[in-house]
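Some notes on the structure that comes next.
In what follows, every heavy atom counts, from backbone to side chain, and hydrogens, waters and symmetry copies are set aside. What you see is a predicted model, and the numbers here were worked out from it, not measured in a lab. Convention: sequence-line order gives letters A, B, ...; per-chain numbering from 1.
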Protein chains: 2
Amino acid sequence: MSKSNNVYKDAYNRCLRLLDETRSLPSEPELGTLLGVSRTTVRTILARMEETGLIAWNKRAKTVLRETRPDDFFPEEETDTLAEIIERSFMRRLLAGGAEAGMQINELELAREIGVGTTSVREFLIRFSRFGLIEKRRNSHWVLKGFTRAFALELTEIREMFELRSAAAFAALPQDSAVWTDLDRLEDEHRQLAGDIAARFTEFSELDERFHRLIHRASRNRFIVDFYDVIAMIFHYHYQWNKAQERERNEVAIGEHLVYIEALKSRDLGKVDAACRKHLKSARQTLLTSIPESRSLQKS
Amino acid sequence: MSKSNNVYKDAYNRCLRLLDETRSLPSEPELGTLLGVSRTTVRTILARMEETGLIAWNKRAKTVLRETRPDDFFPEEETDTLAEIIERSFMRRLLAGGAEAGMQINELELAREIGVGTTSVREFLIRFSRFGLIEKRRNSHWVLKGFTRAFALELTEIREMFELRSAAAFAALPQDSAVWTDLDRLEDEHRQLAGDIAARFTEFSELDERFHRLIHRASRNRFIVDFYDVIAMIFHYHYQWNKAQERERNEVAIGEHLVYIEALKSRDLGKVDAACRKHLKSARQTLLTSIPESRSLQKS
DNA sequence: AAACTGTTTTTTCACGATAAAAGACATTAT
DNA sequence: ATAATGTCTTTTATCGTGAAAAAACAGTTT
């Protein structure tokens, strides 16, 4: 089993949804750009759609023959990339406890346990190392540094530095910049979410990420923009792991975001700075309180 | 040829130098820690030393039989790690020109050209990607972002942010901290180098790195400390590539460092800030002037 | 001629295999 | 009893290989 065809399966599923919406299919190259895959994959998709009687396909003529059915779709779990699978397994072990700082990480064991090749695990660990949670010993094992209080503090220190600077840069952007309409749209989404918070509070983390990424992008600095990947990853797993008071936390955060947005729109640097600091402070607090003391004891 | 024995060869050479100095050899485990390799490798080294008649070896008795000769050493190029070889090849191509922003990077071609497996090249590119010079297209090639003026500006922006903060943290360190003796030692080395600048100006870049790493470490933040890897890498290759006015540049930098060191020792935050800013400004200038205009045209 | 489809080539991704190196265990010497 | 050596096992580093996916090329259709 040298390589799974998850790219095809995922694109196939997305193509089915497209079919549901538009009831027709464009040309092969166009479909390729739409789905973000090569024409080779598009043709594999079309071939299967023909096979399962979804469409009749003859050169450029693609006729939709019937509605899609639930069983046309590939199972969700077959559409994940190997990297996603490995990351999930790894993070589960990390957060499940028993993952003390200083612990060794064994590539071979991880690979066997997840059921993948060692190369994929190695590559994952290398990519993952930039998050600052693991470290490589030359010609030897990886060492877990642990999701400790120290880690959270170091992470938030950088985050605050970067976001304050980005927010200032944002406020200084010319009136005709496209970011202002993006900001208006986000403000709208915030208000809608606030209006139905009881039912939709779980949707906040996705909105949160889009909001902060928009601000960081204003820095026009790749290192700042890329660093948000670290923050996003940590907050993503942190939210999955700690659901306590999620609704309240999100409600507070939405309020802070709205103040922050108003400040940005006012272009008053003092206000921006204050609103940004306030929000970052409570974000840090949220992260810190969710790290149990046992986890924060660092081996030195 | 699945894995070269460069670890052994490098450790062997270092062990020969040790032999020259001490005229004797400690126990296997001790030698292992000294050379930073496992006992397995130590025993391979001792076996060869016995074979070439350098020592007589019977259990714990290791008798030195003769002086080391130049031809006892393995050739330098056989002691490099694969990662170093790939990095050098890659950077040579990157700086040799013809490496325009937007250009595609082909793993297979790189691997063939360097004469290594694709896995090693892939792993190198993943590790290298954190320097912000290349970017991966999902399921497809890497894209070169180019060593442009924009890159230099983004890099130095972060550097300045981090170093100013680290320097302030440094100055606030308690008097009994070990860093102050480290700083004194570095000051000494600076003075010595300044005294013989005509002959030893090439030694500066190594000293420069040690000095700045000491300061960054005072931040006690892994992201700041790790970021210095990016700076060090860029400056390393930049210096190799642009030797113009190297002596003058280094002479100026040493002077700035000495002022900077005095400021740190005074623990006067205002002075520290001023000295740090001044030095960082000229460092940025040096980097910028060495980027030719053609290189700074970025495809958008 | 521009954009599409059909076909072939190339590249990426992931695996298993193997030598180098690390690490663990058993034994022996001080 | 501690610390070394001798031996065996496990893990890491790297390669070649093959299927999935991308990309290039050639031929058609509008």
Check the phosphate of D/dC15 against B/Ser120, side-chain N and O only, distance under 4.0 Å to OP1 or OP2. Yes or no? yes
Heavy atoms only, 4.0 Å cut-off, all strands: where does B/Lys9 land among base, sugar-phosphate and nothing? nothing
What's the CD-C1' distance between B/Glu28 and C/dA21, to the nearest Å? 15 Å
Answer with yes or no whether A/Thr40 presents, from its side chain, a donor or acceptor under 3.5 Å of a partner atom in the base of D/dA22. yes
What about B/Phe223 and A/Phe227, are their ring centers closer than 6.0 Å? yes
Touch class at under 4.0 angstrom, heavy-atom based, for B/Arg112 against every strand present: sugar-phosphate
Assess whether one donor atom and one acceptor atom, taken from the side chain of A/Ser2 and the base of C/dG16, lie less than 3.5 Å apart. no
Would you say C/dT5 has OP1 or OP2 under 4.0 Å from some side-chain N or O of A/Arg39? no
Measure distances between side-chain N and O atoms of A/Thr119 and base N and O atoms of C/dA14, and say whether any donor-acceptor pair falls under 3.5 Å. no
Looking at A/Arg137, I'd like to know whether one of its side-chain N or O atoms comes within less than 4.0 Å of OP1 or OP2 on C/dA22. no
Judged by each residue's nearest nucleotide on DNA chain C, which is more toward the 5′ side, B/Ser38 or B/Trp142? B/Trp142
Nearest of C/dT7, D/dT5, C/dA21 to any side-chain atom of B/Thr41? C/dA21
Is it the case that the base of C/dT12 and the side chain of A/Lys3 share a donor-acceptor contact (distance under 3.5 Å, atom types as modelled)? yes
Regarding B/Glu21 and B/Arg17, does a basic nitrogen lie under 4.0 Å from an acidic carboxylate oxygen? no
Using a cut-off of 4.0 Å on non-hydrogen atoms, how would the nucleic acid contact of B/Leu46 be classed: base, sugar-phosphate, or nothing? nothing
Salt bridge B/Asp80-B/Arg88, side-chain N to carboxylate O under 4.0 Å: yes
In terms of side-chain geometry, is the basic nitrogen of B/Arg23 or B/Glu67 positioned less than 4.0 Å from the acidic oxygen of its partner? yes
More 5' along DNA chain C: B/Leu108 or A/Asn139, using each one's nearest nucleotide? B/Leu108
